[in-house]
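The structure appears right after this line, and notes come after that.
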Amino acid sequence: MNNSNERSETGDDDVREVFVTLLMEHRHRIYAFISKQLVNPADVEDVFQKTSVVLWKKMEQFDHDGSFFHWACGIAFHEVLNFLKAQRRSKLHFDSELMHLLAQEAAEEEELTQSRLTALRHCMSLLSERQQQILRRCYMGTDSITEVAEGLGRQRTALYKQLARLKQKLLGCIQKRVSVIGGES
């Protein structure tokens, strides 16, 4: 009997760990989804907190074959509606049709953002290892452009020119990739 309880508790711990990992991975996107539907940042924070609690309570209902983000946004959408119903006495409130429209636009914007990130990853992989390293050092590292240029044995202005060319190349690649992906839909 003890072994069964231990296994059950371990399984619960695994579910909790996966849930917390998914929530941490998507928290900024869920917060952004909520913020696109509410005006006051304090209200956004309140609804995000309530959404997190509801997600925690319903974690067993999450279908791991589906998208955590979309499941969480469904719950967040209902929490926004609940919040707005409770705020009816406020001078500024939105009707449910507008809320559905805002939620749809937020979801579409999220999809576009994700397709751009996917395109960026693909386009980065097309660059040489040295070009990728330069971009990472300049944009993801803690060194200043001057320090990166010195580390590469180059002039700062030459590095700026190379960065401009790389950014232009990435932008063109991303736009082309996103338009191709968008055209397939």
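The structure displayed is predicted, hence computed values, not measured ones.
The cluster map of Ile, Leu, Val, Met, Phe, Trp and Tyr, joined by side-chain heavy atoms under 4.5 Å apart, puts Leu166 and Leu117 in different clusters. Under the 4.5 Å side-chain heavy-atom criterion for grouping Ile, Leu, Val, Met, Phe, Trp and Tyr, Leu171 is not connected to Met124 through any hydrophobic cluster. The hydrophobic clustering, which links ILVMFWY residues whose side-chain heavy atoms are closer than 4.5 Å, places Phe48 and Val53 apart. Both Val20 and Phe69 belong to a single network of hydrophobic side chains, linked directly or stepwise wherever heavy atoms of I, L, V, M, F, W or Y lie under 4.5 Å apart. Cluster membership for Tyr139 and Ile174, using ILVMFWY side-chain heavy atoms within less than 4.5 angstrom, is shared.
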- [ ] Give the C-alpha distance, both sets of side-chain angles, the deciding distance and a yes or no for side chain to side chain contact (heavy atoms under 4.5 Å, CB included) between Leu152 and Arg130.
- [x] CA-CA 11 Å; Leu152 295 170; Arg130 180 153 173 81; 3.8 Å; yes
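Judged as a disulfide bond (SG atoms under 2.5 Å apart), the pairs with a partner in residues 98-144 (not counting sequence neighbours) are, in order, Cys123-Cys173.
Between the side chain of Arg137 and the backbone N or O of Ile134 there is no donor-acceptor pair closer than 3.5 Å. Side chain of Glu79 to backbone of Val47: no donor-acceptor contact under 3.5 angstrom is found. Using modelled atom types, no side-chain atom of Glu45 and backbone atom of Pro41 make a donor-acceptor pair closer than 3.5 Å. Under the 3.5 Å distance criterion, the side-chain polar atoms of Gln49 are left unmatched by any main-chain donor or acceptor of Asp46.
Side-chain contact between Tyr160 and Ile145: present, with at least one pair of heavy atoms (C-beta onward) separated by less than 4.5 Å. The side-chain heavy atoms of Val18 and Phe62, taken from C-beta on, include no pair separated by under 4.5 Å. Ile75 is not listed as a side-chain neighbour of Lys57, based on a closest heavy-atom distance of 4.5 Å or more. The shortest side-chain heavy-atom distance between Lys169 and Arg165 does not fall under the 4.5 Å cut-off. Under the 4.5 Å side-chain criterion, counting only non-hydrogen atoms from C-beta, Thr146 is not in contact with Leu159. With contacts defined as side-chain heavy-atom distances shorter than 4.5 Å, the pair Leu135/Leu163 qualifies.
Heavy atoms of other residues, nucleotides or ligands lying less than 6.0 angstrom from CE of Met24 number more than 12. When the shell of 6.0 Å around CD of Gln155 is examined, it contains 12 or fewer heavy atoms from other residues, nucleotides or ligands.
Contacts of Ala72 classified as side-chain contact (heavy atoms from CB on, under 4.5 Å), with partners at least two apart in sequence or in another chain: Ile30, Leu55, Phe68. A search for salt bridge (charged side-chain N to carboxylate O under 4.0 Å, His left out) contacts involving Arg136 returns Glu129, not counting sequence neighbours.
For the atom pair Cys73 SG and His26 NE2, the distance stands at 9.5 Å (nearest 0.5 Å). Distance NZ/Lys58 to CZ/Phe19: 11.5 Å, rounded to 0.5 Å.
Across Ile34, Leu38, Val44, a single residue satisfies side-chain contact (heavy atoms from CB on, under 4.5 Å) together with Phe83, and that is Leu38.
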